[in-house]
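Let me begin by presenting the structure, written as structure tokens, before commenting on it.
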Amino acid sequence: MKFNFSEEQTDFRNMLRRFLQDRSPTSEVRRIMETEAGYDPEVWRMMAEDLGLTAIHIPEAYGGAGFGVSELAIAAEEAGRALLPSPFFGSTVMAATAIAEAGDDAQKQALLPGISSGGTIAALAAAEPGTGWNADAFAATARPDGDGWRLTGRKSYVLDGMAADLVVAAARLPEGGLGLFSLPADSAGLTREPLQSMDPTRRLAKMDFDGAEAELLGGQDAGGPAWARTLDIAAVCLAGEMVGGAERLREDALEYVSMRMQFGRSIASFQVTKHKAADMLLDVELAKAAAYYAAAAADDDGEDEEQPLSALASLAKATASDTYMQTAIHAVQMHGGIGFTHDNDTQLWFKRAKSSEAFLGTAADHRERMLQHWNA
Amino acid sequence: MKFNFSEEQTDFRNMLRRFLQDRSPTSEVRRIMETEAGYDPEVWRMMAEDLGLTAIHIPEAYGGAGFGVSELAIAAEEAGRALLPSPFFGSTVMAATAIAEAGDDAQKQALLPGISSGGTIAALAAAEPGTGWNADAFAATARPDGDGWRLTGRKSYVLDGMAADLVVAAARLPEGGLGLFSLPADSAGLTREPLQSMDPTRRLAKMDFDGAEAELLGGQDAGGPAWARTLDIAAVCLAGEMVGGAERLREDALEYVSMRMQFGRSIASFQVTKHKAADMLLDVELAKAAAYYAAAAADDDGEDEEQPLSALASLAKATASDTYMQTAIHAVQMHGGIGFTHDNDTQLWFKRAKSSEAFLGTAADHRERMLQHWNA
Amino acid sequence: MTDFTEDDIRAEVRDWLTTNWDPDRGLVEWRNMLIDSGWGVPHWPEEWHGRGLPVGMTPVVEEEFDKLGAVGVAKMGIRTLAAATILEHGTDLHKQRFLRGILTGEETWCQLFSEPGSGSDLAGAVTRADLRDGKWIINGQKVWNTSAHHADFGLLLARTDWDAVKHQGLSYFLLDMRQPGVEVHQLKQMNGHASFNQVFFTDAVVEAEYQIGGLGEGWKVATTTLMHERRGADGVRRYATGSDRPGRIYEEERAEVATVMAPYVWYPQRTGRADMLIERAKEAGRWEDPAVRQEIAKALTLARTAEWTARRAREAQQMGRPQGPEGSIGKLAASIVARACAKAHTMIAGPDAMLTGDDDGTGGVVAEILVSTPAISIAGGTDEIQRNIISERILSMPKEVRHDTDRPFRDVPRNQVG
Amino acid sequence: MTDFTEDDIRAEVRDWLTTNWDPDRGLVEWRNMLIDSGWGVPHWPEEWHGRGLPVGMTPVVEEEFDKLGAVGVAKMGIRTLAAATILEHGTDLHKQRFLRGILTGEETWCQLFSEPGSGSDLAGAVTRADLRDGKWIINGQKVWNTSAHHADFGLLLARTDWDAVKHQGLSYFLLDMRQPGVEVHQLKQMNGHASFNQVFFTDAVVEAEYQIGGLGEGWKVATTTLMHERRGADGVRRYATGSDRPGRIYEEERAEVATVMAPYVWYPQRTGRADMLIERAKEAGRWEDPAVRQEIAKALTLARTAEWTARRAREAQQMGRPQGPEGSIGKLAASIVARACAKAHTMIAGPDAMLTGDDDGTGGVVAEILVSTPAISIAGGTDEIQRNIISERILSMPKEVRHDTDRPFRDVPRNQVG
């Protein structure tokens, strides 16, 4: 699917799109984003039980469906298109991937089936205040205590952190390496608080660890590579989510100008509007090509020697977030004053675009990361 | 003149514009740029003797006219507009400023009157291969020898270096400081060679110093500050030259589209062309405001506490070079295929814009320098 | 009153103020005194609350007010547009009825021009006014009406002739907002503020004598209002506050300012806040990041060059020189500045750009910047409209061929308002 | 010839080649053999040098040629457009006279469509063809004619009816370039190369039988030529070289390739050369500069995403799926890529960006990039034309109202060619 989707993938996408049109139209998004939970448990149940979205890329051995990152990214793209508020990204994309990458067999047996069934919601507490997802700057520490470990430090921007039953946390090991740990969300020594998110459809939390007891996933060498690959896969899926949102904004803006008249003619007939629409199409198509290529690369890693997954994931994240924001700015502008109102849906995607610029690191951060991993 | 020119300044500009329209139309520019000298000695004589352009900002005590950087920048702007090929920038703007800033009274008495009269052409050899105008990277060295000094090292991108009778060179002193030195261009131990310039109206040379005998301008502490101020004033004048060129490109492109028909209507009637023309006007006006403000600041230094001259000069250089290049790209595009031909004049300014992006440092270099000097 | 010098004026107003100014008076009482004396609006005609002085003298008078801290007549908000329009086009009845209330501040106004179906195309209004039994009956819908939710009166542009061409079928009305046929809904924006309203008319009534200007000449009258609006726009872009001095009159004035400025409380953020960039970068630990520095430098450069360009325009005007293009490009420049600042603020904030309110590290100011900057390229004429104006009026490029002004308005294709 | 399998074809062509292929033959001799056998253009009709095979079999045949390194018929340059146009619209006389010379490479062609007065508006041609004494007399001027300076024949679009509307007054001619009334001037570009020509006609003559397609149907015929041009454009954007094997026939082919490709020698630079960026940055000592790295990353991202987008389009086509928008945006993407690369190369070069030739540190390659990239957003349809196409054909937005197709061409406002 580097350059084309299989029929199965297309069917999966269509099925998902119909489901979301039906179960998560914008009126529902607006209703859910005002609730404390921030997602609809019934929709979440259907996503898990009826559609198997929570199981997509989890290996069959651990209760998953054993599909690839490509399918996961398709789901993220459709969720982004619909602006679905749900713990899908935090639990399925981020936390499950971290466990699958870092955990040993017993840990995966213990933790993944619950996430895969949707019964357990997990969250990945890695980023820290101010410094974000740069692992070199992670300051939270883990110290051994008997058979287990105790974590101390502050985490922030934890996606779906309040909804989570299970937390995967990144902390520095005594030797300086990075460890990934799991602990129940209601553990003693772990306090969490919701953050005020600019985008009310993306729920974030901060977490304070004060000697909270936790289990190290895999060995002491597992955390570093597992985090790197988790960030890659999350960036790829976020790119998918963003191109889904950008395409929706582009289509809606085009529909709006095609329906509206000004000065006795269709707004869509103004050459400047036409050229802007053409540029928007170009931008979104280029960003899609990157998102799809990177997702495919995640599934056949190592095939593109010049550009390993980390380079491609960062390329896709950077270009998708620039495109999403630019598309959102154009979309508001094409709507005119009405596009700036709360009642017009454009603003919902605008805020998601704004939030996505920063989530997992800015485009500039990822361009730098892309070159660090580029082989040439 | 931070925000408006005096009547005298406007008269000076008008006089100069008429002179250049008359004596340096594009046909002449094309003729001169094919010659080995690269400038017209007769026009140079008139500039010096009839118009006093070589004397503008040189103090009256040293044979100059005692005007300010503002007037110097106006001359640069008109030269840029006309794409005048002449050693004005290399000799008057760069070398004379360096001598005036670094030299002691006797040296200024000895050197400036000749430059001021146009009889002597001087050049400033400061930049070095690859590293350009970054003084921290100047590697040429000076060692004391009897009463004088001997210079060793390689200089490049020396503007009007082949036309020069007199060379001002920057070299590192034994203690590590920067010295500015003067020497005749035909000194033993100094060899110079023309560089192939992408812009044939801007003549550059490289110079090899192999123990060439030279005189230190001012004391051992004079060179550093003199170089910094010389670079500031050169950047301000280059900004002026660039906005002059950009405005000319903008006007010519507008005239072209206003005269041409396509699909049975004026090209200027297409909304996309109109909006591009509006954006070009905006860009050029903003760049002009910066160039004028910085030139005025050079004449009443210290008045703007937040932004000292170095910050303003770099701001003006960065914005003018971005604007000039963008305007040139738009201008070629607005001409269509004909704009890419050798016979169309647009290409002459395009190459000047390209060359000006790099001359004295790129926009990115100057943006960085701007913040280093910003007080806030 | 034609033989006087600046010094005469200065002395006269100072005398009057010295005798009468008292910060413990009530605001309305004081303003009524100003109106009676003519010092409140000295350039207005003597028969209408002024002294018939040349406009150039007004700053002189204001200086004397400022020296004492004396409060002036009500000057902010849409009321100034109402006053200018009524002074120029109104009948004596209109002037009698409205001017004093405008100047005392007791009656407030809103502008009822824009409609949901026409956007920037103000002359495309389809709100209708039909004459029935000697009264105008208004039906339709307006939008983007600042302060309409507390306005006493509205400046209304409505269509009275559907067979005339677009600009000639409109008439202008002074409408009483306090009546059953007028319904006002506040319009919430994506940044959470509600600066505008929607106004719905269902058989609202305007007495025949409160139509202003000739029948079908509404566009001409509206042009006066719009000209004053443009002139005042610079002022509105800055957020005003009242004096912080003690005294009853200042308290009352502060309350008035707060009400008038409420819709504009987020306007500073709309500009992108270039002034905050460096400090924010230092606070956030990103001042040394070269990629961030490039964006900060670009934003600061645009902000400064836009400011210098505006000052060039102002100084040229003050020196009586013909204004160059720098005057008309300010609005477009402001959009570019705001976008560059938003980009730089986003990079500076890093992950905190996802947050708002107490959590974004700036008490929500940066978050408000990030969701407010899109407004600047729309409100007061979109970027596209500005580029049309620049290309046509400054660069003399051909106008777009119009398809809406050459036929009865009835036949012009237009939106269905739903 | 309808009952065959791919394997049959493979066997047959291999047999024929084994018997006949010899690299020491002369190029023309060999190509005449190919033409006679039908293996040179197997999808052409049997009566005209082909074997009437389906187009899908051509790659199979070519594979067998490639295995042996066997040279094919002449395929590059404008000759392919001439062949396609003549095959579709030509009379037997035209096919008889021209097809063999095209395939052997002995006769070369140029395209005579664009004019200085009409730019992208090809149908606005004003070069005139007037019938005098049974011959067409041509007067006027063409421009952007690749290879016209050594072409034997030209594909000419000229106006034969000034009272018809624009697209219906044109006719199409096969013009002999070797005649006194045709004058060719090479047109030098800003990058120093001369890829194009201007062609001037002064009473040039075309015999009546060399008009092709119906009178007044020139635009329809030109559409065939243009369709094949667009199809081939991807190929031309890459610079081709001949095989480097030894043998007389390869030598002759290399010479032919060099002639055909001469106008395109700078085309790699026109793309911006993303492939050089990283190596250049390392050589120039700027690989560690964060601001430079941002621009390199932006340029590489655009180059890669444009390439992947093009591959998405190709694969969709190969799988027989409806082609998405990704097909039509390639040309526009190429412009953006080239500009981003030029920007990055400028930053990498630093002061060396002022230099060219031996002095720029790359033997003039970077200098050539910097003065060649503007061409990519103009040649083959400007960016503006591409955006029109994308918005109208892909996004189904309304077409610009035309003012040149609703009246006799004589009355359409147009440029004076001077």
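Below, all heavy atoms of this structure are taken into account, side chains as well, without hydrogens, waters or symmetry copies. Numbered from 1 within each chain, the chains take letters A, B, ... in sequence-line order.
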For this session: Counting only heavy atoms closer than 4.5 Å, note whether K282(C) contacts chain B via side chain, backbone, both or neither.
Result: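 Interface part for K282(C): side chain.
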Would you give the length of the straight line joining atom [atom1] of [X] to atom [atom2] of [Y], rounded to the nearest 0.5 angstrom?
X: N375(B); Y: I278(C); atom1: CG; atom2: CD1; answer: 9.0 Å
X: S391(C); Y: K276(B); atom1: OG; atom2: NZ; answer: 13.5 Å
X: N4(B); Y: Q318(C); atom1: CG; atom2: CD; answer: 9.5 Å

For this session: Decide side-chain contact (heavy atoms from CB on, under 4.5 Å) for R367(B) and R293(C); before the verdict, give the C-alpha distance in whole Å, the side-chain angles of both, and the deciding distance to 0.1 Å.
Result: CA-CA 8 Å; R367(B) 277 192 286 269; R293(C) 288 168 70 87; over 6 Å; no
So does [X] have more than 12 non-hydrogen atoms from other groups sitting under 6.0 Å from [atom1]?
X: F12(B); atom1: CZ; result: yes
X: E306(B); atom1: CD; result: yes
X: R407(C); atom1: CZ; result: yes

So which atom in [X] and which in [Y] form the shortest heavy-atom distance, rounded to 0.1 Å?
X: T305(C); Y: A289(B); value: O-CB, 3.8 Å
X: A333(C); Y: L286(B); value: CB-CD2, 4.4 Å
X: F3(B); Y: E315(C); value: CD1-OE2, 3.5 Å

For this session: For side-chain contact (heavy atoms from CB on, under 4.5 Å), just list the numbers for T309(C) and L282(B), CA-CA rounded to whole Å, side-chain angles, deciding distance to a tenth of an Å, and then say yes or no.
Result: CA-CA 10 Å; T309(C) 302; L282(B) 175 67; over 6 Å; no
Among [options], residue most engaged with chain B (heavy-atom pairs, under 4.5 Å):
options: E400(C), K399(C), E279(C), E307(C); result: E400(C)
options: M397(C), R387(C), E392(C); result: R387(C)
options: L302(C), D383(C), N388(C); result: N388(C)
options: T301(C), V401(C), I336(C); result: T301(C)

Side-chain heavy-atom pair [X], [Y] within 4.5 angstrom cut-off:
X: D322(B); Y: K298(C); answer: no
X: Y293(B); Y: R304(C); answer: no
X: L300(C); Y: L371(B); answer: yes

Exercise. Does anything in residues 243-270 of chain B get under 4.5 Å of chain C by heavy atoms, and if so which residues?
Worked result: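 If one takes a 4.5 Å heavy-atom cut-off, the residues of residues 243-270 of chain B near chain C are R250(B), L254(B), V257(B), S266(B), A268(B), S269(B).
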Exercise. Can any side-chain N or O of Q294(C) pair as donor or acceptor with the backbone N or O of A364(B) at less than 3.5 Å?
Worked result: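 Confirmed, Q294(C) side chain pairs with A364(B) backbone.
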Exercise. Would you say K274(B)'s side chain and P398(C)'s backbone share a donor-acceptor pair under 3.5 angstrom?
Worked result: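 Checking the backbone N and O of P398(C) against the side chain of K274(B), a donor-acceptor pair under 3.5 Å is found.
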Exercise. Going through the checks in order, is the side-chain contact (heavy atoms from CB on, under 4.5 Å) test met by L281(B) and I329(C)?
Worked result: CA-CA 8 Å; L281(B) 178 70; I329(C) 62 183; 4.3 Å; yes
For this session: Mind running side-chain contact (heavy atoms from CB on, under 4.5 Å) on L332(C) and D279(B) for me, showing each step along the way?
Result: CA-CA 9 Å; L332(C) 190 53; D279(B) 285 336; 4.1 Å; yes
Exercise. Can you say whether S314(B) sits under 4.5 Å from chain C via the side chain, the backbone, both, or neither, judging by heavy atoms?
Worked result: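 No part of S314(B) comes within 4.5 Å of chain C.
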